[in-house]
Number of protein chains: 2
Amino acid sequence: MSGPPDIDDQLLRGLLDTLVMDLLREGPNYGFGILEALGERLGEDAGIVKESTLYPLLHRLADRGYLASHQEPGDRGRPRRYYRLTDEGQEFLGTRLAEWRRVAGLLDRTLLRSPGLPTSTS
Amino acid sequence: MSGPPDIDDQLLRGLLDTLVMDLLREGPNYGFGILEALGERLGEDAGIVKESTLYPLLHRLADRGYLASHQEPGDRGRPRRYYRLTDEGQEFLGTRLAEWRRVAGLLDRTLLRSPGLPTSTS
DNA sequence: TCGGTTTACTTTACGCTACAAGGTAAGTGG
DNA sequence: CCACTTACCTTGTAGCGTAAAGTAAACCGA
């Protein structure tokens, strides 16, 4: 039960923002809640997004106008900052999803056509 | 007919090495040849890999032992440096392809489950 | 010998983002 | 005031893709 190996950072670049924004379509959420929700969505790959990645990411997206935020008290401890998708954010998300589809399609056609090509060294 | 918009850099990270190594399964190739071959493979997305991206990439992979190279004269001009996959490289490529499949699968399940979801609130 | 041409490879500086590690902040209850 | 809980923030580092410009090695004709 060692779990799956960690995914290479580089492979996640430019994907995490899409992942987070997509999650926010379900409704506003805050830092810890987002991490938790991603853990549920991704199952075995929980922890794919790190805390020190998420917060700067949220700030970037907010700076660009894709997210808006407000504070709200929690049950205990420091109040939470909830983020929600803006209209601009939804539009941006749409283009990111389309881009993902294009790239994924491209690579499926090129990379995955011969899953275990044996080496053809002859 | 402006062609497809450029793909975000970030989305390509950690993918280009896989793309190049996969191409080299077809046989040894050199810088310009690789660029050309990728252009053919990717069709409309020709130029997805830039010259100033490819050469450092080849050097990295060679430093790590995944590629080996030798020089050979071309028809005209400077001689070419051909790269080929080493055994280590083939193994590495296998893990990268598996990783790609895992990530692509994850995102297909989470991101793409509602292709054009208009906001689905309610 | 010397440019000029073709082909191919190299280098520099920069920007973005993921991360680890550690810190800070704002509540509650003793 | 202090400890505890929950949540957020910051600093520094590293990797990789890119534009722009430069270098290198072959051949050619005058």
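Only heavy atoms go into these numbers, but all of them, side chains included; no hydrogens, no water, no symmetry mates. First the proteins, then the strands, lettered A, B, ... as listed; each starts at 1.
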**Message:** Quick test of your reading: applying salt bridge (charged side-chain N to carboxylate O under 4.0 Å, His left out), list the pairs with at least one residue in residues 87-100 of chain A, sequence neighbours left out, ordered by first then second residue.
**Reply:** A:Asp17-A:Arg96, A:Arg96-A:Glu99, A:Arg96-B:Asp8
**Message:** I'd like the 5' and 3' limits of the part of DNA chain C contacted by chain B, with heavy-atom contacts below 4.0 Å.
**Reply:** C:dT6 to C:dT17
Work out which heavy atom in [X] is nearest to a heavy atom in [Y]; give both atom names and the distance.
| X | Y | result |
| --- | --- | --- |
| A:Gly89 | A:Met21 | O-CE, 3.2 Å |
| B:Asp22 | B:Arg25 | OD1-NH2, 2.9 Å |
| A:Leu57 | A:Leu16 | CD1-CB, 3.8 Å |

**Request:** Identify, with sequence neighbours excluded, every residue that meets ring-ring contact (aromatic ring centres under 6.0 Å, His included) alongside A:Tyr83.
**Result:** none
Tell me: [atom1] of [X] to [atom2] of [N], nearest whole Å?
| X | N | atom1 | atom2 | answer |
| --- | --- | --- | --- | --- |
| B:Arg96 | D:dG15 | CZ | C1' | 12 Å |
| B:Leu19 | D:dG17 | CG | P | 11 Å |
| A:Arg60 | D:dC8 | CZ | C1' | 16 Å |
| A:Leu15 | D:dC16 | CG | P | 17 Å |
| B:Leu12 | D:dG17 | CG | P | 8 Å |
| A:Leu54 | D:dA7 | CG | C1' | 12 Å |
| B:Lys50 | D:dC16 | NZ | P | 17 Å |
| A:Arg81 | D:dC8 | CZ | P | 9 Å |

**Item:** Heavy-atom check, side chain of A:Val103 versus side chain of B:Leu15, under 4.5 Å
**Value:** yes
**Message:** I'd like to check B:Leu38 versus B:Val20 (side-chain heavy atoms, cut-off strictly below 4.5 Å). Are they in contact?
**Reply:** yes
**Prompt:** Got more than 12 heavy atoms from elsewhere within 6.0 Å of CD, A:Glu36?
**Reply:** no
**Asked** Between A:Tyr55 and D:dT10, does any side-chain N or O lie under 4.0 Å from OP1 or OP2?
**Response** no
**Prompt:** Okay, side chain of A:Thr86, backbone of A:Gly65: is any donor-acceptor separation there less than 3.5 Å?
**Reply:** yes
**Message:** Once ring pair (Phe, Tyr, Trp, His ring centres under 6.0 Å) is applied, what residue pairs with a partner in residues 24-47 of chain A remain, sequence neighbours excluded?
**Reply:** A:Tyr30-A:Tyr82
**Asked** Under 4.0 Å between a Lys/Arg side-chain N and an Asp/Glu carboxylate O for B:Glu26 and B:Arg41?
**Response** yes
**Message:** Please report the end-to-end axis angle for the helix from C:dT1-D:dA30 to C:dG30-D:dC1, five pairs per end, rounded to 10 degrees.
**Reply:** 30°
**Request:** Name the residue closer to the 5' end of DNA chain D, choosing between A:Pro56 and A:Gln10 according to the nucleotide with the nearest heavy atom.
**Result:** A:Pro56
**Fill in**
Letter by letter from the 5' end, nucleotides 20-30 of chain D scores (B base, S sugar-phosphate only, - none; protein heavy atoms under 4.0 Å) B---BBB----
**Request:** Would you kindly compare A:Arg13 and B:Gly31 by the position of their nearest DNA chain C nucleotide and give the one closer to the 5′ end?
**Result:** B:Gly31
